[in-house]
> 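Structure below; questions to follow.
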Amino acid sequence: MKGSVIAVSGIDTGTGKTVATGLLGRAMLDCGVQVITQKLVQTGCAGRVAEDIFEHRRIMGIGLMAEDLDGLTSPYVFPYPASPHLAAKLGKQIIDLAALRRATFRLQQSYGTVLLEGAGGLLVPLDGDQLLADYIRDAGYPLLLVTSSRLGSINHTLLSIEACLTRGISIKGILFNRFREVDRLIGDDSLDMIRHFLKRYGISAPVATMDEHGLQAGAASLFGLVPGGRAADN
C-alpha cells in the first residue's frame, strides 16, 4: 500500500515553505506518523543533498536518512541560484519529470506520507514547457500553500489560489507565516482577506499560522496530517 503525497508550495521564493515543511514533518513524527520530506528541485546548492533537506532534518530533530544519501529526496540539485529550468540549462542537464515522479513513488512505498516541497512559487518553470503547478496537477497531489503577512501577500496568495482553481488542484490548507512580521495590522488584515476570499471561492481549506515559536497548536491535525484531523486526501 503506497503512502500519500502532499505538495508544499509558497506564493513566491522565501515565503517560508522549507521551515513549514520541516515543522509539519516534526509534528507528524511526534504523532507517530511515518513521514519523509522531499525537495523536488534545489537550486543555488553545490552539494548532492539539497540544503533544504538538511534544514528539514534539523527541524525534524533527526539526521540524514538513507533516502537522502542516495538522492531520492533531492533528485535534482543545481549550483546556480535561479529558476529550475535555467539552473538545469546552465548545468547542462534536463529535468526529467518522469524521474521526479519515480523518486516520489519510491518514497511512497516506504512511508505513509511524503511532504513534497516545491521550488519557488507555483508558476515557476520546471522545464521549457511545464510549470510546477502543472506538475502538481498532473500528479494529482493536494497542495498546502504557504503565504506570509508581508505587504503584497494578498495579491500573491489570491493569484496562487486562482492558479489552483484553474488547474483543478485541491488546496489542502493555507499556512500563514508571521515570522518576522513587520506590521501586525497588515498581517491581521491579510489573514482576514485570505479567509474571506477562500470562502468566496467556495474553498473549505483550513488556515493555520506559524511564527518564531513554530506552528499554531494543532495545525497538523487541522490539515489532516495526523490522527484525529481532517480526512486526508490521497
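Since we're looking at a predicted model, the values are computed, not measured.
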> Looking at L97, L126, T73, which hits side chain to side chain contact (heavy atoms under 4.5 Å, CB included) with L40?
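One option only clears the test, and that one is L126.
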> In Å and rounded to the nearest 0.5 Å, what is the CD1 to CG distance from I171 to L198?
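Here the interatomic distance stands at 6.5 Å.
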> What's the separation between atom CG in N155 and atom OG in S160, rounded to the nearest 0.5 Å?
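Taking CG in N155 and OG in S160, the distance rounds to 9.0 Å.
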> List the atom of G121, the atom of V124, and the distance in Å for their closest heavy-atom pair.
O-CG1, 3.2 Å
> Quick one: CE on M193 to CD1 on I154, what's the gap to the nearest 0.5 Å?
6.5 Å
> Test: salt bridge (charged side-chain N to carboxylate O under 4.0 Å, His left out). Region: residues 110-120. Which pairs qualify, not counting sequence neighbours?
K39-E117
> Taking the basic N atoms (NZ, or NE/NH1/NH2) and the acidic carboxylate oxygens, is any pair closer than 4.0 Å for D189 and R184?
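Salt bridge absent between D189 and R184.
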> Below 4.5 Å, heavy atoms only, C-beta onward: do L100 and Y76 meet side chain to side chain?
yes
> Going by heavy atoms in the side chains, are C31 and M28 under 4.5 Å from each other?
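No; the side chains remain at least 4.5 Å from each other.
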> How long is the span from the CD1 atom in I36 to the CD1 atom in I53, to the nearest 0.5 Å?
7.5 Å
> What closest approach, in Å, do F78 and P84 show between heavy atoms, and which atom pair accounts for it?
CE1-O, 4.5 Å
> With a 4.5 Å cut-off on side-chain heavy atoms, are L175 and T209 touching?
no
> Compare every heavy atom of A119 with every heavy atom of V41, then report the nearest pair and how far apart it is.
O-CB, 3.5 Å
> Among the clusters formed by ILVMFWY side chains lying less than 4.5 Å apart, do V77 and L116 turn up in the same one?
no
> Are any side-chain N or O atoms of Q42 and backbone N or O atoms of D52, one a donor and one an acceptor, separated by less than 3.5 Å?
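Here the side-chain-to-backbone pair exists.
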> Is there a path of hydrophobic side-chain contacts, each under 4.5 Å between heavy atoms of I/L/V/M/F/W/Y residues, joining F176 to I6?
yes
> Which atoms form the tightest heavy-atom contact between E162 and Y201, and what is the distance?
OE2-OH, 2.7 Å
> Check whether any side-chain heavy atom of S149 lies under 4.5 Å from a side-chain heavy atom of I186, and answer yes or no.
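Sidechains of I186 and S149: no contact.
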> Is there a path of hydrophobic side-chain contacts, each under 4.5 Å between heavy atoms, that joins L122 and L165?
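Yes, one cluster joins them.
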> Any heavy-atom pair between the side chains of V5 and Q108 that's under 4.5 Å?
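With C-beta onward as the side chain, the pair touches.
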> I need the minimum non-hydrogen distance between L29 and M60, along with the two atoms involved.
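Taking every non-hydrogen atom into account, CD1-CE, 3.6 Å.
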> Hydrogens and angles aside, do R178 and S148 bring a side-chain donor and acceptor to less than 3.5 Å of each other?
no
> Identify whether V207 and I203 are in the same connected component of the hydrophobic contact network (ILVMFWY, side-chain heavy atoms under 4.5 Å).
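The answer is yes; both residues are in one hydrophobic cluster.
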> With no hydrogens and no angle check, is any side-chain donor or acceptor of D134 less than 3.5 Å from a backbone partner on L131?
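Yes, D134 side chain to L131 backbone: donor-acceptor pair under 3.5 Å.
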> If only side-chain N and O atoms count, and only distance matters, is there a donor-acceptor pair under 3.5 Å linking D211 with Q216?
no
> Hydrogens and angles aside, do S74 and Q38 bring a side-chain donor and acceptor to less than 3.5 Å of each other?
no
> Quick one: does L225's side chain get under 4.5 Å of K172's, heavy atoms only?
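The answer is yes, as the side chains (C-beta and beyond) meet within the 4.5 Å cut-off.
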> Shared ILVMFWY cluster between L158 and L145, side chains joined below 4.5 angstrom?
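Both belong to a single hydrophobic cluster.
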> Can you confirm whether D68 sits close enough to M65 that some side-chain heavy atom of one is under 4.5 Å from a side-chain heavy atom of the other?
yes
> Looking at every non-hydrogen atom in both residues, tell me the closest pair between I174 and F223 and how far apart they are.
O-CZ, 3.5 Å
> Mind checking the OH-CD1 spacing from Y135 to I95? Nearest 0.5 Å is all I need.
10.5 Å
> State the CG-CG distance between N177 and L215, to the nearest 0.5 angstrom.
10.0 Å
> Does some side-chain heavy atom of L24 sit less than 4.5 Å from a side-chain heavy atom of M210?
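No, too far: nothing below the 4.5 Å cut-off.
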